[in-house]
Amino acid sequence: MKRIISVILLLTIAAVPAFPHELTIKAKSSEMKAGEPFNATVQSAHRFIVPEEVEVLERVKAGIIEDGKLTESKLTGNDSELCIDFTVTPKDTSGSVMLAAIKDGETWCVTNEGGKSGARKDLEANGLKVLTATKNDKYAKALYNTSHDDKKYSQVIGHPLEIIPITNPADAKTGEYFHVRILLNGQPYTGPVWATYDGFVTEYENTYAYYTEAENGEAHIKITSPGWWGIRAFQGGLPGIEGDYDALTLRAFLLFEVK
């Protein structure tokens, strides 16, 4: 009997997607004007800025960063375009303006009946055998209105996993390196970093234009095309909460435009 259950669990693991959707932000315009509404979207996808599903609204926060903190916007699910719509009205556009989105991830469990959402203790109370329970939290930032004399592009807002530009996006050039600092719970992050640009690949999931590894909190990405770029970092295996989830994963995305 134990052997049968083990086989079922192994088959279940193979059936569960290895890569949860990434959280990103996209707007129809790249220029903001002070005091005027600016429309943006929160997207969730396996392909860069190609939306695939509408996240659960109750688990998402998004808006504009003001005085180093998130001012939340009203979120509206957009089923026809597979995204979440929101609007911000910036007070000051003399320097860069940062939008941010956060998803408080659900706990996802691998069980003898397939993948299930819910806390380990709750699923086990319903008679399921839980092999793993993981919580996936996601963070996204996007920069607009960057200028050559701007100082706000590198502000730190305190996401548990956060990508901070060292290079001013307004100074980024094709053929040169874009430098970033990455913090994990406020400390230098060491680990994998992916980057890509809008339109690089739309046919295949989880396909990026560039891969590198951050060391002591810094990573260097060679810009190979103009357009909107996204830089992604990931940290898995963080401590969980007993009875709820075994491990926490953090995902971060930084978006900016190279002109």
Side-chain angles (χ1 to χ4, degrees), residues 22-27 29-32 38 40 43 48-49 62-70 88 90 92-102 138-201 207-235 250-259:
E22 302 296 338
L23 195 74
T24 57
I25 297 171
K26 186 177 183 180
S29 170
S30 60
E31 296 297 327
M32 292 182 174
F38 183 84
Q43 299 187 355
F48 183 56
I49 320 189
I64 191 169
I65 299 298
E66 297 177 315
D67 299 321
K69 297 179 180 179
L70 177 67
V88 301
D92 178 13
T93 56
S94 58
S96 63
V97 179
M98 183 183 294
L99 303 187
I102 300 168
K138 305 175 185 180
Y139 303 88
K141 302 192 306 186
L143 286 166
Y144 300 88
N145 281 50
T146 56
S147 60
H148 296 292
D149 58 353
D150 176 38
K151 303 298 182 185
K152 296 191 294 184
Y153 68 89
S154 59
Q155 64 180 312
V156 178
I157 61 175
H159 286 168
L161 182 61
E162 184 173 0
I163 305 170
I164 304 110
I166 296 174
T167 302
N168 184 340
D171 298 330
K173 295 181 177 62
T174 301
E176 297 184 359
Y177 283 94
F178 190 89
H179 308 284
V180 297
R181 184 161 61 107
I182 306 177
L183 299 177
L184 174 62
N185 293 320
Q187 300 300 313
Y189 163 85
T190 295
V193 177
W194 298 261
T196 195
Y197 56 88
D198 193 13
F200 171 68
V201 167
T207 304
Y208 292 82
Y210 198 85
Y211 174 83
T212 187
E213 294 185 3
E215 294 186 7
N216 298 318
E218 290 194 8
H220 316 284
I221 295 91
K222 192 166 188 178
I223 300 298
T224 54
S225 172
W228 276 94
W229 276 76
I231 300 176
R232 168 186 180 255
F234 166 86
Q235 178 66 57
L250 301 176
R251 296 171 180 272
F253 238 108
L254 172 70
L255 298 98
F256 57 94
E257 187 176 20
V258 177
K259 295 183 179 179

Inset, instruction - Measure the shortest side-chain to side-chain distance between Tyr210 and Phe200 over non-hydrogen atoms and say whether it is less than 4.5 angstrom. - result: no
Inset, instruction - Please work out whether the ring planes of Tyr144 and Trp228 are parallel, tilted or perpendicular, with thresholds of 30° and 60°. - result: tilted
Inset, instruction - Flag the pair Thr167 / Glu176 as yes when at least one side-chain heavy-atom distance between them is below 4.5 Å, and no otherwise. - result: no
Inset, instruction - Keeping the roles fixed (side chain from Asn145, backbone from Val97), state whether a donor-acceptor pair exists under 3.5 Å. - result: no
Inset, instruction - Locate the shortest heavy-atom distance separating His159 from Ala100; write the atom from each residue and the value. - result: CE1-CB, 4.3 Å
Inset, instruction - Taking the side chain as every heavy atom from C-beta outward, state whether Leu99 and Phe38 have any pair of such atoms under 4.5 Å apart. - result: yes
Inset, instruction - Walk me through it: do Tyr197 and Thr224 pass the test side chain to side chain contact (heavy atoms under 4.5 Å, CB included)? - result: CA-CA 9 Å; Tyr197 56 88; Thr224 54; 3.6 Å; yes
Legend entry - Closest non-hydrogen atom pair, Leu70 against Ala62: CD1-C, 4.0 Å
Legend entry - Non-neighbouring partners of Lys69 that pass salt bridge (charged side-chain N to carboxylate O under 4.0 Å, His left out), sequence neighbours left out: none
Inset, instruction - Measure the OH-CD distance between Tyr208 and Glu22 for me, rounded to the nearest 0.5 Å. - result: 4.5 Å
Inset, instruction - For Glu162 and Ile157, indicate whether the former's side chain and the latter's backbone hold a donor-acceptor pair under 3.5 Å. - result: yes
Inset, instruction - Locate the shortest heavy-atom distance separating Lys222 from Trp229; write the atom from each residue and the value. - result: O-CH2, 3.8 Å
Inset, instruction - Any chance you could lay out the side chain to side chain contact (heavy atoms under 4.5 Å, CB included) test for Asp92 and Lys152, step after step, and finish with the verdict? - result: CA-CA 12 Å; Asp92 178 13; Lys152 296 191 294 184; 4.0 Å; yes
Inset, instruction - Please state whether the rings of His179 and His220 are parallel, tilted or perpendicular, taking 30° and 60° as the class boundaries. - result: perpendicular
Legend entry - Tyr139 vs Leu250, side chain to side chain contact (heavy atoms under 4.5 Å, CB included): CA-CA, chis, key distance, verdict: CA-CA 8 Å; Tyr139 303 88; Leu250 301 176; 4.0 Å; yes
Inset, instruction - Kindly indicate whether the side chain of Lys173, heavy atoms from C-beta on, has any atom under 4.5 Å from the side chain of Ile223. - result: no
Inset, instruction - For residues Phe256 and Ile231, determine if any side-chain heavy atom of one lies less than 4.5 Å from a side-chain heavy atom of the other. - result: yes
Legend entry - Heavy-atom closest pair, residues Ala219 and Val193: CB-CG2, 4.0 Å
Inset, instruction - Check the surroundings of atom CD in Glu215: do more than 12 heavy atoms from other residues, nucleotides or ligands lie under 6.0 Å from it? - result: no
Inset, instruction - Of all the heavy-atom pairs spanning Pro188 and Leu183, show the shortest one and how long it is. - result: N-CD2, 4.2 Å
Inset, instruction - Drop me the distance from Lys141's NZ to Ile164's CD1, to the nearest 0.5 angstrom. - result: 5.0 Å
Inset, instruction - Rounded to the nearest 0.5 Å, what's the gap from OG on Ser147 to CG on Asn168? Could you check? - result: 7.0 Å
Legend entry - Pairwise distance CD1(Ile182) to CZ(Arg232) - rounded to 0.5 angstrom: 11.5 Å
Legend entry - For the student: nearest non-hydrogen atoms of Ile163 and Ala233, plus distance: CD1-N, 3.8 Å
Inset, instruction - Spell out, as yes or no, whether a donor-acceptor pair under 3.5 Å connects the side chain of Tyr153 to the backbone of Met98. - result: no
Inset, instruction - Give the C-alpha distance, both sets of side-chain angles, the deciding distance and a yes or no for side chain to side chain contact (heavy atoms under 4.5 Å, CB included) between Val180 and Ile166. - result: CA-CA 5 Å; Val180 297; Ile166 296 174; 5.5 Å; no
Inset, instruction - Measure the CD1-CG distance between Ile25 and Leu254 for me, rounded to the nearest 0.5 Å. - result: 9.5 Å
Legend entry - Distance (rounded to the nearest 0.5 Å) between Lys259 NZ and Thr174 OG1: 13.5 Å
